[in-house]
2 protein chains.
Amino acid sequence: MGSLADISERAGVSIATASRVLNGSKHPVSAAMRERVLNAAAELGYAPSFAARALVTGRTPIVGVIVGDIVDPYFAHIARGVEHVAGRLGYLTMLSSAHRSTEAEIRHLRALRATQARGVIFASSGYTDDPHRQELQQAVDEARESGARVLTLAHRELDCPSVTFDSRAAAYDITDYVVSLGHRRIAFVDGPKGLFTSLERCAGYEAAMAAAGLDPLRFEGGFEYEAGYDAAQHIAAAGPLPDAIIGVNDDVAIGIVMGLRSAGIEVPERVSVAGINDTRPAAYTGLTTVSAPLYELGLTAARIVLAEKGADEPSDKVLPHQLVPRSTTRRAN
Amino acid sequence: MGSLADISERAGVSIATASRVLNGSKHPVSAAMRERVLNAAAELGYAPSFAARALVTGRTPIVGVIVGDIVDPYFAHIARGVEHVAGRLGYLTMLSSAHRSTEAEIRHLRALRATQARGVIFASSGYTDDPHRQELQQAVDEARESGARVLTLAHRELDCPSVTFDSRAAAYDITDYVVSLGHRRIAFVDGPKGLFTSLERCAGYEAAMAAAGLDPLRFEGGFEYEAGYDAAQHIAAAGPLPDAIIGVNDDVAIGIVMGLRSAGIEVPERVSVAGINDTRPAAYTGLTTVSAPLYELGLTAARIVLAEKGADEPSDKVLPHQLVPRSTTRRAN
DNA sequence: TTGTAGGCGTTATCAT
DNA sequence: ATGATAACGCCTACAA
C-alpha cells in the first residue's frame, strides 16, 4: 500500500517532511528533500488514507446526495450538477437512494455523518405530517453540529438552508399556458399523497384554474409512468373526455400520453397533455412541459456545501423555471 | 459527538468494554455492564467513527459503483440492484459517474481505494485500444492488493472477474426477430466508436443479417437519444427507406422513432424500430426491445463483492436476456 | 529547513 | 468478565 512512514524511510527523511511535501503544506521544504520524497511516493504508488486523514482533520472529501429514486431522471439531473462541481473541487459524490422513505433518509444521513462527509444534500421533497420528521431533524442537527453542511433542494419542514425552484409557480404557468391554448376542461394527475411537491403543484394548477374561472378536475396519481398510464385509462373509460391533462411530472405525463393512445385517443388531436420538469424523456417524447432548473440546483447546492468558508450562509435561494412548449399540446379548435 | 472514551467514562467502564458491547463483539460482557454502556451511548447519541474503525480494520462499509453516465437509465437500473443488496447488508453504495472517460474511472477507483471501500463495481464497458488501459489495470491491481474486490459488469480488457449478459446475442436476437417479421432492409444505428458494447451489438446484428442472407446497413451513432434522432433524420433524407431500424440501445431507438416521425414517417406503419436493454423509457414509449438483466447484474455483483468470504471467486457469470416485443415493430406486408 | 512526538477513535492483544 | 495499551496513518504544534 505505502504509507507516509514507508515513504519517509525510503526517501531518508522524516515523516513530517514527507507529509509536508505530499499534501501541499505551506511549510518550506528544500528542493532536494522534496525531490526525494516525490520520487519515493511515485515508486511506492502512495495514496493517502482517507481514514487517517479524517481522523485528524475531522473531515472527509465526500459530499453525499440523498435522492428519492435513482431511476427517476429528476434526481439524475440534480446528481449530475452536484458531481460536476464536486469533481472539479476534488470531492467524491456519494449518491444514495432512499426510496422515498424518511427512515431510509435518516439511515443514510447517519452513515454520511459517520463518514465525516463535508456535506449532505437532500434532493427529495418531504411529507406533510411525517411521523419521522422529528427524528430526521435531530439527525440533521447532529450532522450539522459535527460540522457537516446540510442543504435541501425541495420543500421540507427542516430547519436548514435550501435551494429550490417554485413548483407551485411552475404548475401555475403550465396550466396557464394550456388555458391560453383555449382549453377549458383541464384535468390534473397528482403526485404521491402527502408530499409537499405534489401539494404545491396541485395548488399551482388549482390557482391557475381558479384565475381562469375554471373548475379543477383532479385525479390521484404518483411520480411514475404507470400512475399516468393508469389515470389515463381511467379517464378514458369514465365520463366525457377533458380537453387537456397535466401530469404532476414528465413521467406521469408521458404515461398519460401512452395510456390515452392505447385507448385510441389521439394526443394532441383530441386531448392535449403537458408535464413538469423537462427531464430527458420529455425531450424524447416531444412533451410540452416546464423546465425545472435541476442541473443548476445541483450545481448551486454543491457550490454552497463545498464553499471554502461557510461564511455567506445563504438563506434560501430560488432558481427560475421556464415554459417549454412542444408537441403534445395544441390549440383548441 | 461522543466517542467511545466519552461513553466509557460516563458509564464507568473501560473503553474496551464499551467497544465490546457497542460493536457486537462476541467477547462476553455482563448484563449490568452492557446495560450501562447502552444507556450512556443512547444519551450521548453515539455513532462510531468510520475513519477510526477503518484505520484499524482496514476496511470501510462502502461499495463503489463507477458508471458511465448517471442519467443513462441503463446504469440507474444496475445501481438500484447494487443498492438493494448493499443496503440490506449494511453497506453504503457510492455511485460515481465517469462520463465515459477511462481517466475519470481511474481517478474514482483511486479515491475509492483511498476510502478503503470493500469493493468496486465497474458498470461501463471498455474501449478497444484504450490508451489508459494499462494504467487502469494497474489501479485495479493496486486496489485488489489492498484488499478491495473489483468486479466488471461489461466487456473490458481487465484482469478481474465479471458478471455480464451477452450483448452480441441480444443484438442477434432482436435482429432475428425483426427478420422473422418479414423485413429485409434492416439498418443498425451503432453506439460510440471503439466501445466493446458497440462492437458486440453491431457484430450480433451483422451475424443475424448474414444468417438471413441479408446485407447489413450500418450507421454511426452513440448511446444517447440525440444520436438516434439525428441518424433517423439522415436516413429519412437519404436514399430509399429501410424496412426497419435497430438502435444500439433504447434511447437511440427512441430517438430514431422520434426522428422518423418528425420527418413524417410513421412508426411502425412504414418503418419498424427496435432497441436493446428494456430500460424504463422503452416501456414508456412502447418500444420493442430486448430485456437486459440490468437490475440482476447489480444484485449479483453486489452479492459477490460483499460476500462474507471471498471463497468462491466466481470466474465469470453470464446472465440471460429476453426478447420484449412491443408496438414499434410490425409484420411486413 | 528538518525532525520529534502527541493525539484523533477504534479494535485487538494481553494481562488481570 | 474486565481493563490497560499498543497499533492504524496522518497532521501539526513545537523543538532543534
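Convention: sequence-line order gives letters A, B, ...; per-chain numbering from 1. Just so it is clear, the structure is predicted and the values come from calculations on it, not from any experiment.
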From [atom1] of [X] over to [atom2] of [N], roughly how many Å is that when rounded to an integer?
{"X": "Q116(A)", "N": "dG9(C)", "atom1": "CD", "atom2": "C1'", "result": "9 Å"}
{"X": "L4(B)", "N": "dG3(D)", "atom1": "CG", "atom2": "C1'", "result": "14 Å"}
{"X": "E9(B)", "N": "dG9(C)", "atom1": "CD", "atom2": "P", "result": "13 Å"}
{"X": "D6(B)", "N": "dG7(C)", "atom1": "CG", "atom2": "P", "result": "16 Å"}

Terminal axis angle for the helix from dT1(C)-dA16(D) to dT16(C)-dA1(D), five pairs an end, nearest 10 degrees: 40°
In terms of side-chain heavy atoms, does T152(A) have a donor or acceptor partner in S162(A) at a distance below 3.5 Å?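 No donor-acceptor contact under 3.5 Å links the two side chains.
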Which label fits F196(B) and H155(B): parallel for a plane angle under 30°, tilted from 30 to 60°, or perpendicular past 60°? parallel
Within less than 4.0 Å of OP1 or OP2 of dT11(C), is there a side-chain N or O belonging to S19(B)?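 For S19(B), the contact criterion (side-chain N or O under 4.0 Å from OP1 or OP2 of dT11(C)) is met.
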Are N23(B) and dT11(C) close enough that a side-chain N or O sits under 4.0 Å from OP1 or OP2?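 Yes, N23(B) has a side-chain N/O under 4.0 Å of OP1/OP2 on dT11(C).
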Would you please name every residue forming a salt bridge (charged side-chain N to carboxylate O under 4.0 Å, His left out) with R80(A), sequence neighbours left out? D69(B)
Checking E105(B) now: which residues fulfil salt bridge (charged side-chain N to carboxylate O under 4.0 Å, His left out) with it, not counting sequence neighbours?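 In terms of salt bridge (charged side-chain N to carboxylate O under 4.0 Å, His left out), with neighbours along the sequence ignored, E105(B) is linked to R156(B).
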Short N/O separations, protein against nucleotides 1-3 of chain C, under 3.5 angstrom:
from	atom 1	to	atom 2	distance (Å)
dT2(C)	OP1	S30(A)	OG	2.5
dT2(C)	OP2	S30(A)	N	2.5
dT2(C)	OP2	S30(A)	OG	3.3
dT2(C)	O4	H27(A)	NE2	3.0
dG3(C)	OP2	S14(A)	N	3.0
dG3(C)	OP2	S14(A)	OG	3.2
dG3(C)	OP2	T17(A)	OG1	2.9
dG3(C)	N7	R20(A)	NH2	2.5
dG3(C)	O6	R20(A)	NH1	3.1
dG3(C)	O6	R20(A)	NH2	3.3

Go through it in stages, so that I can follow the logic: the residues are Q138(B) and Q134(B), the test is side-chain hydrogen bond (donor to acceptor under 3.5 Å, both in side chains), and I'd like the CA-CA distance, side-chain angles, deciding distance and then a yes or no. CA-CA 6 Å; Q138(B) 190 186 327; Q134(B) 191 90 231; over 6 Å; no
Enumerate the residues from residues 45-63 of chain B whose closest heavy atom to DNA chain D is under 4.0 Å, giving them by residue number; use none for an empty result. L55(B), V56(B)
Measure the [atom1]-[atom2] distance between [X] and [Y] for me, rounded to the nearest 0.5 Å.
{"X": "F50(B)", "Y": "I62(B)", "atom1": "CZ", "atom2": "CD1", "answer": "7.0 Å"}
{"X": "L112(B)", "Y": "R118(B)", "atom1": "CG", "atom2": "CZ", "answer": "12.5 Å"}
{"X": "R34(B)", "Y": "R20(B)", "atom1": "CZ", "atom2": "CZ", "answer": "11.0 Å"}
{"X": "R53(A)", "Y": "S19(A)", "atom1": "CZ", "atom2": "OG", "answer": "8.0 Å"}

Counting heavy atoms not belonging to E157(B), are there more than 12 under 6.0 Å from its CD? yes
State which residues pass side-chain hydrogen bond (donor to acceptor under 3.5 Å, both in side chains) with S97(A); sequence neighbours excluded, sorted by chain then number.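 Residues passing side-chain hydrogen bond (donor to acceptor under 3.5 Å, both in side chains) with S97(A): none at all.
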